[in-house]
Number of protein chains: 2
Amino acid sequence: MTVSRVLRNRGDVSQATRERVLAASKRLGYVPNKIAGALASQRVNLVAVIIPSMSNMVFPEVMTGISEVLEESPLQPVVGITHYRPEREERVLYEMLSWRPSGVIIAGLEHSDASRAMLENAGIPIVEIMDTDGTPVDSVVGISHRRAGKEMANAIAAAGYKRIAFLGTKMPLDHRARKRFEGFTGALAKAGIEMADHEFYSGGSALLKGREMTETVLKRTPDIDFLYYSNDMIAAGGLLYCLDNGIAVPGQVGLAGFNGIELLDGMNPKLATMDACRREIGRKAAEIIARCTEAGLDHADERIELTPRLSIGDTLQRG
Amino acid sequence: MTVSRVLRNRGDVSQATRERVLAASKRLGYVPNKIAGALASQRVNLVAVIIPSMSNMVFPEVMTGISEVLEESPLQPVVGITHYRPEREERVLYEMLSWRPSGVIIAGLEHSDASRAMLENAGIPIVEIMDTDGTPVDSVVGISHRRAGKEMANAIAAAGYKRIAFLGTKMPLDHRARKRFEGFTGALAKAGIEMADHEFYSGGSALLKGREMTETVLKRTPDIDFLYYSNDMIAAGGLLYCLDNGIAVPGQVGLAGFNGIELLDGMNPKLATMDACRREIGRKAAEIIARCTEAGLDHADERIELTPRLSIGDTLQRG
DNA sequence: ATGAAAGCGCTAACAG
DNA sequence: CTGTTAGCGCTTTCAT
């Protein structure tokens with residue numbers, strides 16, 4: 001009836017009636033039932049955001065970007081965490097789709113067959129984020145991690161480093177870390193450099209693991225002159241290890257991480273890294289969904305590849 | 001009809017029929033419409049989680065605790081961010097309540113009148129988290145920040161420090177930081193110590209701000225012998241500043257932070273801090289909601305005060 | 001063990 | 001401008 005019109009300020013309602021309704025609804029502490037509303041209108045102002053984790057600094061920042069743009073729209077993000085496990089992704093996706101959201105933003109391009117099928121048949125805009133190395137269901141916004149690894153390798157080789165080690169996460173399911181690794185080794189090979197050592201870890205405090213792995217590698221292969229880490233946090237641990245142990249940086253060993261986390265701004269020397277454009281990815285993805293929703297489109301087919309900026313810092317240049 | 005019974009495996013359905021239905025639903029890629037289901041059953045397996053921010057390390061970890069326990073239940077968390085702004089909290093709360101969740105977990109005890117009214121009239125279990133210094137709407141799980149500040153002050157005084165400064169966030173709306181500050185100054189006063197200096201900041205990279213504020217304070221009040229920071233991140237920045245500038249820690253100045261973030265595990269020397277029990281708070285809060293939902297209760301009236309553990313580390317003891 | 005019927009609280013379309 | 005009437009896709013209850 002009229003009440004519904006007032007609460008959504010739609011249609012023509014006289015000023016007097018409108019005020020009367022508003023007053024009453026406030027007095028009664030009335031909160032509309034969106035469930036019924038959504039069922040009747042076949043519209044749900046929710047966007048499903050599916051990400052692997054919340055514990056490292058990368059996804060919270062993607063979320064920040066998403067929130068920023070969604071806050072200026074009627075849309076609301078709803079997040080689900082997969083812990084990098086395909087079967088959890090499947091379940092989370094199923095749960096979320098059963099609420100008929102206006103769109104989904106999902107990390108990564110690799111999904112189980114079932115997940116992919118759900119995404120394809122959802123009939124809503126899908127944006128796969130973070131990574132552009134692959135074929136998206138609908139839209140994609142991210143960076144090429146393969147290229148990121150390659151460019152870092154080239155920068156390191158160009159700086160004259162020869163005995164290079166890679167330290168990273170042992171996550172067969174972290175496809176982005178894997179692609180960086182592949183791009184990195186590939187480019188080194190092309191430059192005629194073979195990786196001198198590598199070390200992987202899983203779980204635990206990243207900063208601490210960074211220290212430990214750095215010690216392990218440096219003891220095992222003492223002539224290492226560069227350490228490339230799969231993320232900034234372990235790189236920061238490695239840097240602290242070097243500082244504590246009188247290892248000259250970048251004189252004796254050079255260091256580089258990945259992500260461009262804010263944390264590094266306060267470190268001295270400043271770590272070399274590559275910005276993963278996390279916030280921007282979140283913004284762009286949200287914009288696509290917002291635009292589709294407004295236009296009533298069920299897909300966008302956009303492809304946005306951002307360019308990670310290499311930041312040399314103080315740890316990627318020969319003494 | 002029968003289909004509905006199968007999909008929720010309720011009631012008696014013959015094995016044959018059940019399998020037929022399952023097969024068909026898989027083939028058609030059928031995803032049930034929870035909106036309709038929720039409307040009909042008046043049950044929604046969603047828990048509203050309302051927190052101020054996602055960017056510092058504290059709330060993601062609370063979320064981890066919540067997820068851990070909710071994952072073993074049919075409940076799903078839905079998070080809303082308030083940016084420490086009461087008017088945003090009001091809006092987010094309104095939006096979430098209009099989905100009729102099974103419960104709400106909300107940070108802090110101070111809310112606008114409207115928010116409080118909504119919480120009181122929601123008819124679902126409410127758990128206010130992080131802070132126990134105040135009167136909850138229903139249940140509360142957290143720590144006493146006033147006491148945390150007090151205990152840190154006592155530890156510092158007991159270690160013999162006399163010229164103490166406080167460095168923290170300038171957030172009139174961060175009630176927990178404020179309460180720690182109050183507890184801290186109160187206890188110092190009782191020990192006959194007046195705060196020697198203080199400095200507040202807002203925005204920007206915490207690690208970097210920690211450096212800057214530390215420099216400012218140390219230059220302004222050179223005889224400072226202890227720096228208490230309102231969070232670990234700025235404390236870490238302060239520590240790095242001291243290390244870089246040849247200021248002996250804890251010989252010349254002692255340092256302490258707050259939160260017990262994992263980041264500190266990899267630092268050397270190890271910062272003194274106080275664990276805010278973030279993950280445990282998340283777990284306990286989620287357990288209350290889960291228990292109520294299972295029992296069909298609309299409130300719990302529980303009060304759980306956790307005890308933050310003081311970690312002396314290497315920076316809170318005279319040389 | 002299965003089907004039929006009656007809503008859940010709203011919105012949409014149409015009358016007045 | 002305001003009221004009325006059908007559903008939205010499920011669950012629930014009651015028959016069969």
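Please read these numbers as outputs of a predicted model, since none were measured by experiment. Protein chains get the first letters and strands the later ones, always in sequence-line order, with residue 1 at the start of each. Heavy-atom basis, side chains included; hydrogens, waters and symmetry copies ignored.
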SB check A/R88 A/E95 (cutoff 4.0 Å): no

Quick check on C/dT11: is either OP1 or OP2 less than 4.0 Å from any side-chain nitrogen or oxygen of A/S4? yes

OP1 or OP2 of C/dA1 versus the side-chain N and O atoms of B/S14: is any pair under 4.0 Å? no

Report all side-chain donor-acceptor pairs from residues 80-87 of chain B shorter than 3.5 Å, counting only partners two or more places apart or in another chain.
{"from": "B/T82", "atom 1": "OG1", "to": "B/Y84", "atom 2": "N", "distance (Å)": "3.3"}
{"from": "B/H83", "atom 1": "NE2", "to": "A/E71", "atom 2": "OE2", "distance (Å)": "3.0"}
{"from": "B/R85", "atom 1": "NE", "to": "B/E87", "atom 2": "OE2", "distance (Å)": "3.2"}

Flag for B/S67-B/T64: side-chain donor and acceptor within less than 3.5 Å: no

Apply side chain to side chain contact (heavy atoms under 4.5 Å, CB included) to the pair B/R291 and B/E302, showing each step before the final yes or no. CA-CA 12 Å; B/R291 212 177 310 127; B/E302 286 200 48; 2.5 Å; yes

Between protein and nucleic acid, restricted to nucleotides 7-9 of chain D and to nitrogen or oxygen atoms under 3.5 Å apart, what atom pairs and distances do you find?
{"from": "D/dC8", "atom 1": "O3'", "to": "A/Q42", "atom 2": "NE2", "distance (Å)": "3.1"}
{"from": "D/dC8", "atom 1": "O2", "to": "A/L39", "atom 2": "O", "distance (Å)": "3.4"}
{"from": "D/dC8", "atom 1": "O2", "to": "A/A40", "atom 2": "N", "distance (Å)": "3.1"}
{"from": "D/dG9", "atom 1": "N2", "to": "B/A36", "atom 2": "O", "distance (Å)": "3.2"}

Do the side chains of A/R278 and A/E280 get close enough for a salt bridge, i.e. N-O under 4.0 angstrom? no

Is A/R43 close enough to C/dA12 that one of its side-chain N or O atoms is under 4.0 Å from OP1 or OP2 there? yes

Closest heavy-atom pair and its distance - A/E90, A/S112: OE1-OG, 2.8 Å

5' precedence on DNA chain C between B/Q15 and A/V31 (nearest-nucleotide basis): B/Q15

